[in-house]
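These numbers come from a predicted model, not from an experiment. Order of the sequence lines sets the chain letters (A, B, ...), proteins ahead of strands, with each chain counted from 1. Note that these values count all heavy atoms, side chains included, but never hydrogens, waters or copies made by symmetry.
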Number of protein chains: 2
Amino acid sequence: MCLHCNYQELLTSVNLEATESRLRVLEVVGNNSFPMSAGDIYKTLERNSTINRVTVYRILDLLVGSGIVERLSTGGRSAYYGLAPNNFHKPHPHFYCKQCGQMDCLNPDSLTVKVESLSKTFPGRIDKVEVRLDGICKNCLKQN
Amino acid sequence: MCLHCNYQELLTSVNLEATESRLRVLEVVGNNSFPMSAGDIYKTLERNSTINRVTVYRILDLLVGSGIVERLSTGGRSAYYGLAPNNFHKPHPHFYCKQCGQMDCLNPDSLTVKVESLSKTFPGRIDKVEVRLDGICKNCLKQN
DNA sequence: ATCGAATATGCAATATTGTTGCATTAAAAA
DNA sequence: TTTTTAATGCAACAATATTGCATATTCGAT
């Protein structure tokens with residue numbers, strides 16, 4: 001849950017119309033404490049009122065493109081989405097459970113990555129650093 | 001290219017029969033200096049002699065399961081495969097070009113991740129840490 | 001407020017990547 | 001050599017994501 005965000009403002013701040021669908025998608029992404037897949041976002045939205053699956057994908061692309069949502073790779077087949085890092089929300093690593101697919105956010109300081117030296121000499125453009133731990137979460141460990 | 005590896009031995013060392021298909025897959029993975037997708041591995045193999053796409057997927061699963069090949073997530077839709085870290089081959093971060101899909105291996109020391117403190121307190125089981133930089137590679141930068 | 005242009009959404013079809021079940025072939029063990 | 005086990009091939013399927021085009025909504029100008 002992002003207490004600092006007014007989603008309407010967040011959208012207009014990146015020159016996106018704050019349509020109902022966009023607000024709905026952004027609220028689901030933002031009000032969750034962990035990243036989730038497009039499919040889960042869609043299912044969550046459909047519980048309240050109808051929306052097209054393709055619209056969800058397109059809005060997610062749009063939000064990722066505008067930088068307010070972050071697309072995360074997983075150890076599985078689908079991408080997960082969460083609010084992108086910002087002033088109130090530092091970049092942080094994630095933990096992905098291979099068994100249940102749950103993704104958790106880890107403490108920003110729990111893992112440190114020093115990228116400065118590399119980015120000085122690397123010949124390409126670096127847009128993003130992703131640090132992900134894969135394994136089995138507490139709950140799934142219990143069940144086995 | 002892994003100069004230290006005899007692929008036949010590598011397979012038998014993990015109790016896998018060194019069948020021709022497995023050797024072929026492992027050679028493609030091992031003789032490449034960068035990780036590649038299952039599809040690319042399949043295409044590469046088919047240039048020489050026939051092999052089934054499903055067989056490639058199954059062999060890759062097997063090799064990943066036995067720990068001699070590593071499955072890497074990308075900023076794109078498909079997983080990439082490379083030789084798993086071992087004594088001659090330290091774990092290292094990767095760079096993924098969002099435009100052309102090329103993945104490069106970075107110097108093991110170019111990015112440091114300190115995971116010890118976290119793994120002491122983390123309630124789940126951590127099997128793997130993946131560090132990936134996403135961006136645009138040198139070549140693609142030139143072309144635009 | 002109304003009209004026209006631009007943008008957003010919905011729907012159907014399709015693409016990409018990966019998986020499953022079962023038949024066939026090859027290899028290992030007896 | 002025969003029997004048993006394991007590997008591969010083939011076809012169908014599944015999950016995830018994307019595209020093209022039709023429809024609906026919103027915005028801006030009048």
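Side-chain N/O atoms of A/T19 include none lying less than 4.0 angstrom from OP1 or OP2 on D/dT26. Proximity of A/N52 to the phosphate of C/dC11: a side-chain N or O atom is located under 4.0 Å from OP1 or OP2. For A/S21 and C/dA8, the shortest distance from a side-chain N or O to OP1 or OP2 is not below 4.0 Å. Between D/dT8 and B/R53, no contact under 4.0 Å exists linking OP1 or OP2 to a side-chain N or O.
Rounded to whole Å, atom C1' of C/dA26 lies 15 Å from atom CG of B/L23. Protein atom CG of B/D61 is 16 Å distant from nucleotide atom P of C/dT17, rounded to whole Å. Between A/R22 atom CZ and C/dG10 atom P the separation is 12 Å, expressed in whole Å. Distance CD1 (B/I51) to P (C/dA26): 14 Å, rounded to an integer number of Å. In this structure, NZ of B/K43 is placed 12 Å from P of C/dG18, rounded to the nearest angstrom. Atom P of nucleotide D/dT26 and atom CG of A/L11 are separated by 15 Å, given to the nearest angstrom. One interatomic measurement links the two molecules: CZ of A/R24 to P of C/dT9, which rounds to 11 Å at whole-angstrom precision. Whole-Å rounding puts the B/D40 CG to C/dG18 P distance at 11 Å.
A donor-acceptor contact under 3.5 Å links the side chain of B/R58 to the base of D/dG9.
Classified by interplanar angle (parallel below 30°, tilted 30° to 60°, perpendicular above 60°), the ring pair B/H92/B/H89 is perpendicular.
Mapping B/G39 and B/E17 onto DNA chain C by nearest heavy atom places B/G39 at the nucleotide closer to the 5' end. Projected onto DNA chain D by closest heavy-atom contact, B/V54 and B/E20 fall at different nucleotides, the more 5' of which corresponds to B/E20.
Less than 4.0 Å separates DNA chain D from at least one heavy atom of each of the following residues of residues 67-78 of chain A: A/R77, A/S78.
Hydrophobic clustering keeps A/F122 apart from B/M103 (ILVMFWY residues linked when any side-chain heavy atoms are closer than 4.5 Å, directly or through intermediates).
A donor-acceptor contact closer than 3.5 angstrom is absent between the side chains of B/Y42 and B/R53. A donor atom on one side chain and an acceptor atom on the other are found under 3.5 Å apart for A/Y7 and A/N31.
Contact check for A/L45 versus A/V25: side-chain heavy atoms found under the 4.5 Å cut-off. Put simply, the side chain of B/R24 does not reach to within 4.5 Å of the side chain of B/T19, judged on heavy atoms.
If you check D/dG9, C/dA8, D/dA17 against the side chain of A/Y57, the one that comes closest is D/dA17. Checking D/dT26, D/dG9, C/dG10 against the side-chain heavy atoms of A/T55 singles out C/dG10 as nearest.
One finds the CG atom of B/L16 at 6.5 Å from the CG atom of B/L63 (value rounded to the nearest 0.5 Å).
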